[in-house]
Amino acid sequence: MKKKIFVTRRLLKENEEKLQSLFEVTLNKDDKIYSPQEIISRSKNYDGILSSVTDPINADTISKLSSSIKIIANGAVGFGNIDIQAAKAKGITVTNTPDVLTDATADIQILLLLGASRRAYEGRIAAETQKWKWSFDFLLGKQMSNKRLGILGMGRIGRAVAKRAKAFGMEIHYHNRSKLSSDLEDGGIYHKDLKSLFEQSEFLSINCPATPETKNLINRETLKYLKENTVVGNAARGDIVDDEAMVEALKNGTVFAYGLDVYNGEPKIHPEYLKLKNIFLLPHLGSATKRTRWDMAYRATKNLEDFFLGKKPQDQVN
Ligand code: GLV
């Protein structure tokens, strides 16, 4: 008998068809975002869930999930939306989708850094409202080429950002839980602590995962370590940054401009971010290419398939 899978969000058509060929599947044709309560009630008596970043599956939700559920395959590389320890304690395997979105996300990170440093938002408004004329001092930004880039979190995406930044002649510095082997580091300069990384960075790329340790890691205290006029990009998670502290830093010139794709409490956006000009915003588009989204759903499906075949899924995270 086919296993029953509850899919929380609409997928690309081909991905849904693949799932239907393997499992008895309930899809979300209207792509409604379910509340935790709806996830609990709708997935009752299912064997697995294919979830997404928009599903907050915390310890309380997990405790109320049907005991028939044995796996949550998150269709994302980040899994900060799921309490993986609570899931483990309940005997639920959790998987993610690494690798397949590394390039797309690193591309967006470069876009964020460029968009912020070259004042793309203000430029767009000036062009749109026809309130501009070329002049030697019109909308001067900060040049990214040949600067020092600090990378916070040198995992797959951080390293892919480094690779791209090198083509801009940037010098790579990074902070990570541990120093990487020299082939992975690839010329990047390791900083044992965040303070020393921030003091060196002219551009800062946030690429660490959202964990209890990284929550509000960018805060009033740590922002003080930055040089004046640093450009910051965040394609990781909103909750790594204390928004109030960032707004202050954007107003007092510690941060020249902030490019971000991810938010605390998405899809809400801190109201000050919508007022400030030295901000470049995108609506969580890091992995938003057709190929990447297809690959993510394919990988989540493969994790479900392997799990129910009795194999350890390649992307198990708990
Ligand atoms: C996207 O944000 C992901 O974690 O895959």
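Order of appearance sets the numbers: ligands from 1, and atoms from 1 within every ligand.
The distance from ligand 1 to the heavy atoms of R237 drops below 4.0 Å at these ligand atoms: 1 (C), 2 (O), 3 (C), 4 (O). Close contacts of ligand 1 with L101, meaning ligand atoms under 4.0 Å from a residue heavy atom, involve 5 (O). The distance from ligand 1 to the heavy atoms of H284 drops below 4.0 Å at these ligand atoms: 1 (C), 2 (O).
Ligand 1 has a nitrogen or oxygen under 3.5 angstrom from a nitrogen or oxygen of G78. At under 3.5 Å, a nitrogen or oxygen of V77, whether backbone or side chain, sits near a nitrogen or oxygen of ligand 1.
No salt bridge links R159 with D186; every basic N to acidic carboxylate O contact stays at or beyond 4.0 Å.
Atom CZ of R124 has 12 or fewer heavy atoms from other residues, nucleotides or ligands within 6.0 Å.
Among residue pairs with one or both ends in residues 229-269, those qualifying as ring pair (Phe, Tyr, Trp, His ring centres under 6.0 Å) are Y258-Y273; sequence neighbours excluded.
Side-chain N/O atoms of N45 and S68 include no donor and acceptor closer than 3.5 Å.
For the residue pair T54 and I33, the shortest heavy atom distance occurs at O-CG2, 4.0 Å.
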